[in-house]
Protein chains: 2
Amino acid sequence: MRPFFHPAIESVQPEAILHALSDPNRAAIFANIMREGGIKTCSAVSALGDRVIPKSSLSNHFKVLREAGLIRSERHGVEMRNHPRWTEVEVRFPGLLAAIISAYAADSQASGE
Amino acid sequence: MRPFFHPAIESVQPEAILHALSDPNRAAIFANIMREGGIKTCSAVSALGDRVIPKSSLSNHFKVLREAGLIRSERHGVEMRNHPRWTEVEVRFPGLLAAIISAYAADSQASGE
DNA sequence: TCCATAGTTCGGATATTACGAACTATGGAA
DNA sequence: TTCCATAGTTCGTAATATCCGAACTATGGA
């Protein structure tokens with residue numbers, strides 16, 4: 001288990017962010033991490049909505065979010081805590097994350113949530 | 001050559017938009033279409049920056065943008081004209097497209113344009 | 001009718017993604 | 001200490017998507 005790679009904020013690419021959040025599962029995970037009191041550990045999300053996500057897929061989703069520069073993961077004892085890198089990303093790409101998250105919210109609102 | 005499919009604006013999904021624009025080539029094409037006096041036909045973009053994009057790939061890029069609900073394509077004589085569906089998308093997902101396009105602009109700005 | 005232009009479709013090589021099974025790391029209990 | 005439970009990663013492979021050259025289709029002139 002090699003240590004995690006977290007890109008420096010200057011080398012975070014818009015395409016990586018869009019790609020990471022173009023998967024609805026990942027977007028939901030990230031939106032949850034962004035919320036105050038949101039998911040911090042991986043296992044806390046093992047079922048998202050009504051869909052069960054296998055551990056290995058989940059692990060990969062967190063990796064994609066991490067390598068896109070969206071979250072920072074650090075081990076605390078036996079578990080992993082994931083924090084959003086919102087303020088950093090906001091400085092580099094103002095308004096981007098908020099627009100994406102509210103787009104998903106608007107969509108789930110519209111489609112009979 | 002079956003007629004093009006353009007999704008109704010209500011059925012445009014955020015994930016499709018993010019996926020379409022998570023490819024830098026497509027994002028550049030779309031940004032150009034968005035600009036007043038931007039690219040209208042497909043062949044007008046055959047070289048983007050210094051990279052040559054094959055016709056078939058280009059055709060596919062336009063298809064992805066179209067099916068994501070980002071552009072509307074219609075034939076005019078021998079060529080295809082592509083218009084952005086900006087105002088429609090803006091109503092459904094306010095601020096999304098502007099944030100994405102300016103994120104790419106900020107990035108190319110920063111990385112020695 | 002024939003040709004040039006503009007773009008699409010097909011097909012196969014290549015790259016990504018998904019997920020079960022096996023593994024690693026940490027903390028606590030016996 | 002040893003053993004177990006928890007939390008998560010890595011590996012391998014099957015399914016899926018993407019890229020791009022070659023062949024095709026559609027339209028408007030000469």
Side-chain angles (χ1 to χ4, degrees), chain A residues 1-6 13 15-30 32-33 38-68 70-83, chain B residues 1-6 13 15-30 32-33 38-68 70-83:
Chain A
M1 233 178 255
R2 46 187 160 295
F4 293 140
F5 173 65
H6 293 102
Q13 303 295 123
E15 54 263 46
I17 292 182
L18 296 192
H19 172 249
L21 298 178
S22 70
D23 178 296
N25 283 334
R26 276 193 301 259
I29 292 170
F30 181 65
N32 201 312
I33 291 177
I39 294 163
K40 291 289 179 299
T41 66
C42 299
S43 62
V45 76
S46 63
L48 197 73
D50 50 357
R51 177 120 171 63
V52 174
I53 305 175
K55 287 205 305 180
S56 56
S57 306
L58 207 49
S59 176
N60 192 55
H61 286 324
F62 277 93
K63 181 183 178 193
V64 171
L65 291 171
R66 193 160 52 232
E67 297 189 347
L70 290 167
I71 63 177
R72 197 177 288 279
S73 310
E74 46 189 58
R75 169 156 252 161
H76 274 249
V78 76
E79 71 193 11
M80 219 68 199
R81 300 217 190 123
N82 298 285
H83 340 269
Chain B
M1 231 178 258
R2 45 187 160 297
F4 292 140
F5 172 65
H6 293 102
Q13 302 296 122
E15 54 263 45
I17 292 181
L18 297 192
H19 172 251
L21 298 179
S22 71
D23 179 298
N25 283 335
R26 276 192 303 259
I29 292 170
F30 181 65
N32 202 311
I33 291 177
I39 294 164
K40 291 290 178 299
T41 65
C42 299
S43 62
V45 76
S46 62
L48 197 75
D50 50 357
R51 177 119 170 66
V52 174
I53 305 175
K55 287 205 306 181
S56 56
S57 305
L58 208 48
S59 176
N60 192 56
H61 286 324
F62 277 93
K63 181 183 178 193
V64 171
L65 290 171
R66 193 160 52 232
E67 297 189 346
L70 290 168
I71 63 176
R72 197 176 287 280
S73 309
E74 45 190 57
R75 169 157 252 160
H76 274 250
V78 76
E79 70 191 13
M80 220 66 200
R81 300 215 191 125
N82 299 283
H83 338 270

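This is a predicted model, so every value here is computed, not measured. Just so it is clear: chains get the letters A, B, ... in the order the sequence lines come, proteins before strands, and each one is counted from 1.
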Nearest whole angstrom, please: distance from the P of dT18(D) to the CG of D23(B).
10 Å
If you check every side-chain atom of R66(A), which of dG20(C), dG8(D), dT9(D) has the closest atom?
dT9(D)
If you look at every heavy atom in A68(A) and I17(A), which pair is closest and at what distance?
O-CG1, 3.8 Å
Below 4.0 Å: OP1/OP2 of dT17(C) and any side-chain N or O of H19(A):
yes
So which nucleotide from dT9(D), dA6(C), dG8(D) ends up closest to the side chain of E79(A)?
dG8(D)
So does S57(A) get a side-chain nitrogen or oxygen closer than 4.0 Å to the phosphate oxygens (OP1/OP2) of dC19(C)?
yes
Taking CG from L58(B) and P from dC20(D), how many angstroms apart are they, rounded to a whole number?
11 Å
Let me know, please, whether V64(B) or K55(B) comes out on the 5' side of the other along DNA chain D by nearest nucleotide.
V64(B)
Of L21(A), N82(A), N60(A), the one forming a side-chain contact (heavy atoms from CB on, under 4.5 Å) with L65(A) is L21(A)
Of the listed nucleotides dT27(D), dC19(C), dC19(D), the one nearest the side chain of N60(B)
dC19(D)
Presence of donor-acceptor pair under 3.5 Å, side chain of S56(B) and base of dG21(D):
yes
What nucleotide, of dA18(C), dG7(C), dT6(D), holds the atom closest to the side chain of H61(A)?
dA18(C)
Less than 4.5 Å apart, side chain to side chain, heavy atoms only: is that true for R26(B) and E15(A)?
no
